[in-house]
Student: 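Can you read through this structure? Questions will come right after.
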Amino acid sequence: MSSKPLDNIFERYISAPTLFKDREVLRPTYIPERLPHREEQMEKIGSILATCLKGGTPSNIFCYGKTGTGKTAVVKYVLKHLVDKTRELKIKEPIVSYINCAIVDTNYRVLSQLCEILGEKLPLTGLPTDEVFNKFVSKLDEEERLMIIVLDEVDLLLKKSGSFTLYELTRVNTMLKRARVSLVGISNDLRFKDYLDPRVLSSLSEEEIVFPPYTASELKDILRERAELGFFEGVLEPAVINLCAALAAREHGDARRALDLLRVAGELAEREGSPKVLERHVREAKKRIEADVLSDAIRALPLQSKLVLYAIYLSSRETLDASTGEIYNTYQRLCSLLNVDTLTQRRVSDLINELDMLGMINAAVISRGRYGRTRRIRLAMPKNLLRKLLYEDYRLKELRNFEKGVL
DNA sequence: CATCCACAGGAAGATCTGGTAG
DNA sequence: CTACCAGATCTTCCTGTGGATG
């Protein structure tokens, strides 16, 4: 055995027992061969889309349910098998386009994405949206074909960019001579229907499919199946699956979260050299996942938001909660210290709202009677972690020197 | 029980960036 | 170069309001 510096670590890594048979099957993007407790939804979507096997145009479908209830998995699963079937029967395949509106979240970008799938490259910006739409229609109509457009998290598109694309897409079939379009909308937000223009709604939800949250015991079934594929036999302590299921069930039956917990727990156990995944690994995984999500979000914050957060951090050392006005005053001082432009209170108020939605702070509207209406702002994360993350930004490093004297 | 504080949060539009088209 | 487009970000101006207090 040589004594090169990292040898110890490498050797230990190699000799440590491997717990994973196949890590990939535990990732949320993996689509398994079976989707337990979603048979009903699968059948329904399958029978609607099957119309295209006989040359028909399937009705538009609208799926809704909370995150991690299997909507995306079921839709992708059915589409994959549908395409396989058309190949088997040697009929013309539908063009399947999957668009995640959390990423592609403007009317323009959705349409240009659709054009790209048809082989028409478009610039990122610069063209009028309706022109892009016309381009899409004429390109699609060049041949007789069916395009199945899946709009995942479509509620985000609507909230951000309005209903232009949605509206146009629901009536695109009237403009097409040869080609046909079927829409599959997926929404996490159950109130989505309230925001939507009734004309679009009735067209989009010709068929409606509900995905209820998984119960703890359903989650257990899912985890058991995946664990069998993903881990070697006997490496999971019996209580591990139950705990993952229970923790995820508490968060509105989110299967994605349950799988993440299981995978990260496995990774932690493996790194530690433990031959088994234990309950404490799951608890540790829960903390890790939560901290990671938060940390990444904070690192990605623009400077102004970081300054607002810093102001909240400072006030949290003095008192439990602060008002918008107090935070704004502190924020202004920080800006002048760093020689940064100061935003208006209106804007800062919006930034505070965003920080609240990201879960870094709690900001509830309260009334203090005679003393006005404001937000009660509290830090919702460990001060030390926040401090560390904020100082990662070199632009804030200077504030270190002022930290004690500022307030 | 009317008043009035300290904001919330909607609406509209200005400014800037990064693009096309001619 | 000009004219135009979309989107992000921010400002200006505004109306609305829960409830302690006088």
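Quick caveat, the model's predicted, so the values are computed rather than measured. Letters A, B, ... mirror the listed sequences (proteins, then strands); counts begin at 1.
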Student: Using whole Å, report how far CG of A/L111 lies from C1' of C/dA6.
Tutor: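 After rounding, the gap between these two atoms is 13 Å.
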
Student: Select from A/T342 and A/N107 the residue whose nearest nucleotide in DNA chain C is closer to the 5' end of that strand.
Tutor: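 This one resolves to A/N107.
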
Student: Counting primed atoms plus P, OP1 and OP2 as sugar-phosphate and everything else as base, spell out the protein contacts along nucleotides 13-22 of chain B at 4.0 Å heavy-atom distance: B, S or - for each nucleotide, 5' to 3'.
Tutor: -----BBSS-

Student: Sequence neighbours left out, what pairs pass side chain to side chain donor-acceptor pair (under 3.5 Å) with at least one residue falling in residues 336-347 of chain A?
Tutor: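 Those involving residues 336-347 of chain A are A/R346-A/D350.
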
Student: Is the phosphate of B/dA6 approached by A/R375 (side-chain N or O, under 4.0 Å from OP1 or OP2)?
Tutor: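 Negative; the distance criterion is not met.
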
Student: For B/dA8 and A/T324 - does any side-chain N or O of the residue sit under 4.0 Å from the phosphate oxygens OP1/OP2?
Tutor: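 The answer is yes; a side-chain N or O of A/T324 sits under 4.0 Å from OP1 or OP2.
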
Student: Between C/dA8 atom P and A/D341 atom CG, what is the distance in whole Å?
Tutor: 21 Å

Student: In terms of side-chain geometry, is the basic nitrogen of A/D141 or A/K177 positioned less than 4.0 Å from the acidic oxygen of its partner?
Tutor: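 Salt bridge flag = no for A/K177 with A/D141.
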
Student: Could you give the CG-to-C1' distance, from A/D130 to C/dC4, as a whole number of Å?
Tutor: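 In whole Å, C/dC4 C1' lies 13 Å from A/D130 CG.
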
Student: Does any donor atom in the side chain of A/T67 or A/H252 lie under 3.5 Å from an acceptor atom in the other side chain?
Tutor: yes

Student: For the pair A/R283 and A/E279, evaluate salt bridge (Lys or Arg N to Asp or Glu O under 4.0 Å) and give the outcome as yes or no after the intermediate values.
Tutor: CA-CA 7 Å; A/R283 295 191 194 283; A/E279 268 187 76; 3.7 Å; yes

Student: Once you round it to whole Å, what is the distance between C1' of B/dA6 and CD1 of A/I377?
Tutor: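 Taking CD1 of A/I377 and C1' of B/dA6, I get 12 Å after rounding.
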
Student: Sequence neighbours excluded and cut-off under 3.5 Å, please list the side-chain donor-acceptor pairs for residues 351-362 of chain A, or say none.
Tutor:
residue	atom	partner	partner atom	Å
A/N353	OD1	A/R375	NH2	3.1
A/D356	OD1	A/A363	N	3.1

Student: Please list all pairs meeting side chain to side chain donor-acceptor pair (under 3.5 Å) that have one or both residues in residues 298-312 of chain A, counting only residues at least two apart or in different chains.
Tutor: A/R299-A/E392, A/Q304-A/Y331, A/K306-A/D393, A/Y310-A/Y391

Student: Mind jotting down which residue pairs meet the salt bridge (charged side-chain N to carboxylate O under 4.0 Å, His left out) criterion with at least one end in residues 102-119 of chain A? Sequence neighbours excluded, please.
Tutor: A/D105-A/R109, A/D105-A/K160, A/E116-A/K121

Student: Quick one, which residues of residues 301-309 of chain A touch DNA chain C with a heavy atom under 4.0 Å?
Tutor: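 Result for residues 301-309 of chain A: none.
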
Student: Which residues pass the side-chain contact (heavy atoms from CB on, under 4.5 Å) test with A/P128, sequence neighbours left out?
Tutor: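 side-chain contact (heavy atoms from CB on, under 4.5 Å) check on A/P128 returns A/D130, A/E131.
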
Student: Quick one about A/Y98 and A/D152 (side-chain donor to acceptor, distance below 3.5 Å, no hydrogens or angles considered), yes or no?
Tutor: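 Yes, side-chain donor-acceptor contact under 3.5 Å.
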
Student: Taking only residues two or more places apart in sequence or in another chain, which ones pass side-chain contact (heavy atoms from CB on, under 4.5 Å) with A/A258?
Tutor: A/L219, A/L223, A/A248

Student: Show every salt bridge (charged side-chain N to carboxylate O under 4.0 Å, His left out) that has at least one partner inside residues 256-269 of chain A, sequence neighbours left out.
Tutor: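 For residues 256-269 of chain A: A/R23-A/E267, A/E251-A/R257, A/D260-A/R263, A/R263-A/E267.
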
Student: Applying salt bridge (charged side-chain N to carboxylate O under 4.0 Å, His left out), can you list everything that pairs with A/K276, at least two apart in sequence or on another chain?
Tutor: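 Per chain and number, A/K276 pairs via salt bridge (charged side-chain N to carboxylate O under 4.0 Å, His left out) with no residue.
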
Student: Should A/N60 and A/E207 be marked as a side chain to side chain donor-acceptor pair (under 3.5 Å) after you check the CA-CA gap, both sets of side-chain angles, and the distance that decides it?
Tutor: CA-CA 6 Å; A/N60 294 335; A/E207 301 283 352; over 6 Å; no

Student: Find which nucleotide of DNA chain C each of A/P128 and A/D105 is nearest to by heavy atoms, and output the residue with the more 5' nucleotide.
Tutor: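 Between the two, 5'-proximity favours A/P128.
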
Student: Sub-3.5 Å donor-acceptor pair from the side chain of A/R226 to the main-chain atoms of A/V25, do we have one?
Tutor: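 Yes; judged by distance alone, with no hydrogens or angles, the pair exists.
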
Student: Taking OP1 and OP2 of B/dA8, is either one under 4.0 Å from a side-chain nitrogen or oxygen of A/S349?
Tutor: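 The answer is yes; a side-chain N or O of A/S349 sits under 4.0 Å from OP1 or OP2.
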
Student: For nucleotides 12-22 of chain C, read 5' to 3', which letter fits each nucleotide if B means a protein heavy atom sits under 4.0 Å from the base, S means only the sugar-phosphate is that close, and - means neither?
Tutor: B---BBBBBS-

Student: Can you pull out the residues from residues 350-365 of chain A that lie within a 4.0 Å heavy-atom distance of DNA chain C?
Tutor: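 Nothing qualifies; none.
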
Student: Rounded to whole angstroms, how far apart are CD1 on A/I366 and P on B/dG9?
Tutor: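 One finds 13 Å between P of B/dG9 and CD1 of A/I366, rounded.
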
Student: For the pair made of OH in A/Y108 and C1' in C/dA8, what is the distance, rounded to whole Å?
Tutor: 16 Å

